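In this text, all values refer to a predicted model and were calculated from it rather than measured experimentally. Values reported hereafter were calculated over all heavy atoms of this structure, with side chains retained and with hydrogens, waters and symmetry mates removed. Note on naming: letters A, B, ... go to the chains in the order of the sequence lines (proteins, then strands), and numbering restarts at 1 for each one.
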2 protein chains.
Amino acid sequence: MRYPEGHKGSVRATIVAKAARALRAGGLAGVSIPALMKAAGLTHGGFYAHFENRDELVSEAVLAAAHETAARVLSPEIGDLDATLDAYLSIGHVEHPEVGCVIAALGTEGRAQSKPVRRAFAEAARGFVRLLETKLHPKSAAGTLSDEAMRLSAQMIGAVVLARLVDDPALAARILNAAKAH
Amino acid sequence: MRYPEGHKGSVRATIVAKAARALRAGGLAGVSIPALMKAAGLTHGGFYAHFENRDELVSEAVLAAAHETAARVLSPEIGDLDATLDAYLSIGHVEHPEVGCVIAALGTEGRAQSKPVRRAFAEAARGFVRLLETKLHPKSAAGTLSDEAMRLSAQMIGAVVLARLVDDPALAARILNAAKAH
DNA sequence: GGTATGCCATGATGGTCGTCATCGCATGCG
DNA sequence: CGCATGCGATGACGACCATCATGGCATACC
């Protein structure tokens, strides 16, 4: 069929959005192209009309996931630092990695990926610390990162990773609460 | 050939040890059985004489890696807490995940694995916090975990994950140093 | 020293993956 | 109203995977 203007672009955007979700749920290597396309309501055939290769989609999905979490948890309008900590260090975040922080969901997989994917993770990681910096010190000069922002970023990410691994809801909740101290 | 007593057991141990290294380097899904066996100096054929299936090897490799790091970095004879922090939060650790902490190397992959593998990760995670607890409070009752041990565990793991992702040696070093505060 | 043993190499099988070529078809344009 | 357009479905290809069946062969035992 002849498709309406901009159709292809919007389809591409939904593929990226659904992939961002599916990859966080199943791991970077755990979801195939057929599965990713099915998540977007399509079959595998059209994939290469939208992306050069699988890594291009993975890279964009990582960035999309990072922006999504930034807007939901780290953006200024969420509230002060405590509001961000409460949202990030929550049971809901631990139980739903598919809509949570991409670093806490896929962080350790980034290192072993191709260069474009590694670049996406690098940008996500730097963006995380940068946003936390502006929450800690709203009037700090752009581009400077305080030790406190780096330390607290590590603490938040590590806490969610640990809480997801211990396989014990009560202990997970204790880890999250312990990580709210700063 | 007729092999000397205990030969099979020692071969199995070297397969696990080499797999622990290869999996931390390449990711849980990034190394195939042929590759894992080649790392141990064998071909893929004999694999199922040693393991029920791939997940059994992965589970054992995760535990072996955890014990290895515990002995090298977290054991009492390393020194006090500062010695452990210096070793864990070092450039060498960031640059060599294949011999480093299994949680910092593979932590986010654990959640999406089969039950035996998840159990291995859960034990590794709990063991990490437990060992840090005895370093922080040597005379605390066995089995109790302080908020401080959980918070600092998260901070250490998150710092290494972040440092590996930012793709900037100078920034990585700053993150590591920032995470030495407690 | 002959022989039975059992570990491991060779090789096959079915399935799935990433990638690509082809085609049908519904609709926006003339 | 007919037709050209271009998106996406169908299907094929080679590669690689996990798993398993078979066989060779060097040695520890009798």
Below 3.5 Å between N/O atoms, which protein atoms pair up with nucleotides 16-20 of chain C? Just atom names and distances, please.
| unit_1 | atom_1 | unit_2 | atom_2 | d |
| --- | --- | --- | --- | --- |
| C/dC17 | OP1 | A/S32 | OG | 3.4 |
| C/dG18 | OP1 | A/R54 | NE | 2.8 |
| C/dG18 | OP2 | A/I33 | N | 2.8 |
| C/dT19 | OP2 | A/Y48 | OH | 2.4 |
| C/dT19 | OP2 | A/R54 | N | 3.1 |
| C/dT19 | O5' | A/Y48 | OH | 2.7 |

- prompt: After noting the C-alpha distance and the side-chain angles of A/E56 and A/R12, does the key distance pass the salt bridge (Lys or Arg N to Asp or Glu O under 4.0 Å) rule?
  reply: CA-CA 12 Å; A/E56 186 179 314; A/R12 182 190 161 106; 3.5 Å; yes

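- Spacing between atom CZ of A/F51 and atom C1' of D/dG8 amounts to 14 Å, rounded to whole angstrom units.
- For the pair B/K38 NZ and C/dC8 P, the interatomic distance rounds to 18 Å; values are reported in whole Å.
- Taking atom NE2 of residue B/H50 and atom P of nucleotide D/dC20, one finds them 15 Å apart after rounding to whole Å.
- Contacts of B/S114 classified as side-chain contact (heavy atoms from CB on, under 4.5 Å), with partners at least two apart in sequence or in another chain: B/D55, B/P116, B/V117.
- Under the salt bridge (Lys or Arg N to Asp or Glu O under 4.0 Å) criterion, B/D86 pairs with B/K180, sequence neighbours left out.
- No side-chain donor from either of A/E133 and A/T144 sits under 3.5 Å from a side-chain acceptor of the other.
- Atom CD1 in A/I15 sits about 12 Å away from atom P in D/dC7, given to the nearest Å.
- Although no hydrogens or angles enter the test, the distance criterion places a donor-acceptor pair under 3.5 Å between the side chain of A/R164 and the main chain of A/A104.
- Between the side chain of B/D82 and the backbone N or O of B/L85, no donor-acceptor pair lies under 3.5 Å.
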